[in-house]
**Q** 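Pasting a structure below so you can have a look.
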Amino acid sequence: NVGLGEHLTIFNYLAKTQSPDLTGRDHAGGTDLRYDADLYSFRAAYTEVGEDFNPEVGFLQRVGYRKPSYGVFYNPHPKDHPFIRRLWPHHTWQGHYRFDGEPESGFRHNHFNVFFNNGGSAGIAYNQNFEQLFDPFEISPGVFLPVGPYNFDNWSFSLSSDSSANLFSRVSYSWGEFYTGNIQTLNVSSGIRSGSDLLISSRYVLNNVSLPQGDFATHLGAIQLNYSFTPKSYLQALVQYNSSVDEIGANIRFAVLRTGNTGFFIVYNSRFDTTGLDPHEADALLRMRAPRRTLDRALLAKFTYLFDF
């Protein structure tokens with residue numbers, strides 16, 4: 001990372017992996033130029049990940065792409081306004097391209113946010129999407145999208161209360177085009193906290209999709225708990241249901257920190273299959289003839305230490 005003056009920073013990274021039978025483009029790298037001032041900021045970045053880049057113990061959303069991106073942000077603070085603390089209009093764009101230059105996807109985001117003096121906020125956004133399918137895509141069971149380029153636009157509106165309050169909530173609604181049809185999305189979240197020790201939050205996301213190839217809906221629900229025993233020891237738990245894959249997932253993490261987010265961690269992960277369960281049969285999970293529902297379980301322990309010379 002290189003800092004130039006008070007406002008300009010350049011972030012860079014370069015990585016390479018070595019795996020059997022993967023001897024092509026096994027690299028990843030990027031540079032991110034950021035200019036941050038009080039009233040406005042700019043960002044321009046470039047990232048590429050080879051199709052043979054294989055971090056083994058890491059996680060990649062996708063490989064084999066080049067991604068340029070940029071963003072322009074305006075951040076005025078109206079003086080002595082009775083309701084508004086800050087305005088935040090901004091525009092961003094990113095595109096994914098294959099190494100032969102063929103575009104894969106793109107996302108252009110235009111957003112106007114208002115932050116209020118009471119800690120809440122409201123915003124409206126207009127998004128322009130591009131996706132190119134090189135193979136037929138089964139977006140939902142039995143619903144296939146044909147090969148080809150797709151341009152679709154949508155709008156969204158969001159409203160949230162003060163996230164630092166003891167009780168808080170957020171709701172957003174988006175609507176518009178989606179591939180060959182239309183989509184409506186409702187996203188609702190809320191939480192309750194007790195002092196600085198306990199935080200319980202929940203989230204529900206509903207997608208209603210209407211396509212010429214078929215209609216479908218997806219549901220995502222999650223409950224999360226965070227409890228701090230001390231400023232450097234905590235317990236986190238997350239339980240999530242995803243109707244797209246008919247699974248319930250659980251993640252529990254206990255940590256005792258030292259400095260710089262290092263220390264001792266114990267993590268438990270589990271995934272549970274809900275396919276074929278009848279919600280009207282209360283004893284469905286207790287029947288011996290039911291198939292095994294647990295997909296995987298894992299218990300991990302990790303200790304990290306930072307050497308400072």
Side-chain angles (χ1 to χ4, degrees), residues 57-59 61 83-86 88 111 113-123 125 156-174 185-207 218-274 277 279 282 285-286 293-306:
V57 296
F59 174 75
Q61 289 186 324
F83 305 110
I84 298 176
R85 176 186 302 171
R86 180 166 64 98
W88 194 43
H111 201 162
N113 254 25
V114 180
F115 297 90
F116 302 110
N117 290 327
N118 62 6
S121 65
S156 68
F157 175 78
S158 62
L159 183 66
S160 64
S161 65
D162 183 5
S163 59
S164 63
N166 291 335
L167 293 172
F168 58 91
S169 60
R170 183 180 188 275
V171 59
S172 67
Y173 175 72
S174 62
T185 300
L186 177 66
N187 190 330
V188 180
S189 60
S190 62
I192 180 172
R193 60 166 43 89
S194 176
S196 60
D197 299 333
L198 178 65
L199 172 63
I200 301 174
S201 59
S202 62
R203 182 187 181 197
Y204 172 69
V205 182
L206 167 65
N207 289 292
T218 65
H219 305 267
L220 178 70
I223 298 177
Q224 186 170 4
L225 179 144
N226 295 269
Y227 183 79
S228 298
F229 300 97
T230 68
K232 290 191 175 183
S233 63
Y234 62 84
L235 177 69
Q236 293 181 334
L238 171 68
V239 178
Q240 178 174 282
Y241 167 71
N242 188 342
S243 68
S244 298
V245 291
D246 291 310
E247 289 181 8
I248 295 175
N251 170 266
I252 302 173
R253 180 168 67 167
F254 172 74
V256 179
L257 303 178
R258 293 173 55 86
T259 58
N261 205 31
T262 64
F264 180 64
F265 303 85
I266 297 178
V267 181
Y268 173 77
N269 294 317
S270 180
R271 290 189 305 128
F272 182 82
D273 182 17
T274 63
L277 292 182
L285 298 180
L286 303 179
R293 301 296 181 183
T294 302
L295 300 176
D296 57 53
R297 285 192 296 254
L299 181 65
L300 306 93
K302 179 177 74 170
F303 177 76
T304 60
Y305 185 84
L306 178 66

**Q** My understanding is that only one of T218, L206, V205 makes a side chain to side chain contact (heavy atoms under 4.5 Å, CB included) with T185; could you say which?
**A** V205
**Q** Where do S160 and R170 come nearest, in terms of heavy atoms and distance?
**A** CB-CG, 3.6 Å
**Q** Rounded to the nearest 0.5 Å, how far apart are CG of L257 and CZ of F264?
**A** 12.0 Å
**Q** From S228 OG over to L235 CG, what is the distance, rounded to the nearest 0.5 angstrom?
**A** 9.5 Å
**Q** Atom CG in N226, atom CD in Q224: separation rounded to 0.5 Å?
**A** 5.0 Å
**Q** Taking all non-hydrogen atoms of both residues, which atom of N113 and which atom of F115 are closest, and how far apart?
**A** ND2-CZ, 3.6 Å
**Q** Students often mix this up, so state it plainly: with edges at 30° and 60°, are the rings of F229 and F254 parallel, tilted or perpendicular?
**A** perpendicular
**Q** With the side chain counted from C-beta on, respond yes when S270 and Y268 share a heavy-atom pair under 4.5 Å apart, and no when they do not.
**A** yes
**Q** Measuring from Y241:OH to F272:CZ, what's the distance to the nearest 0.5 Å?
**A** 11.5 Å
**Q** Other residues, nucleotides and ligands only: do more than 12 of their heavy atoms fall within 6.0 Å of CZ on F303?
**A** yes
**Q** Measure the spacing between OH of Y173 and CZ of F157 and express it to the nearest 0.5 Å.
**A** 12.5 Å
**Q** Is the shortest side-chain heavy-atom distance between D162 and F168 below 4.5 Å?
**A** no
**Q** Does anything in residues 242-259 form a salt bridge (Lys or Arg N to Asp or Glu O under 4.0 Å)? List the pairs, not counting sequence neighbours.
**A** E247-R271
**Q** Can you find a heavy atom in the side chain of L225 that is under 4.5 Å from one in the side chain of L198?
**A** yes
**Q** Any chance you could measure L186, atom CG, to S172, atom OG, to the nearest 0.5 Å?
**A** 7.0 Å
**Q** Would the distance check show the side chain of R193 and the main-chain N or O of L199 forming a donor-acceptor pair, the cut-off being under 3.5 Å?
**A** no
**Q** Ignoring hydrogens and geometry, is there a side-chain-to-backbone donor-acceptor pair from S161 to G120 under 3.5 Å?
**A** no
**Q** Taking ring pair (Phe, Tyr, Trp, His ring centres under 6.0 Å) as the test, write out the residues that go with Y305, two or more places apart.
**A** F307
**Q** Go through I252 and I266 one step at a time and tell me if the side chain to side chain contact (heavy atoms under 4.5 Å, CB included) criterion holds.
**A** CA-CA 8 Å; I252 302 173; I266 297 178; over 6 Å; no
**Q** Please determine whether the number of non-hydrogen atoms from other residues, nucleotides or ligands lying under 6.0 Å from atom CD1 of I223 exceeds 12.
**A** no
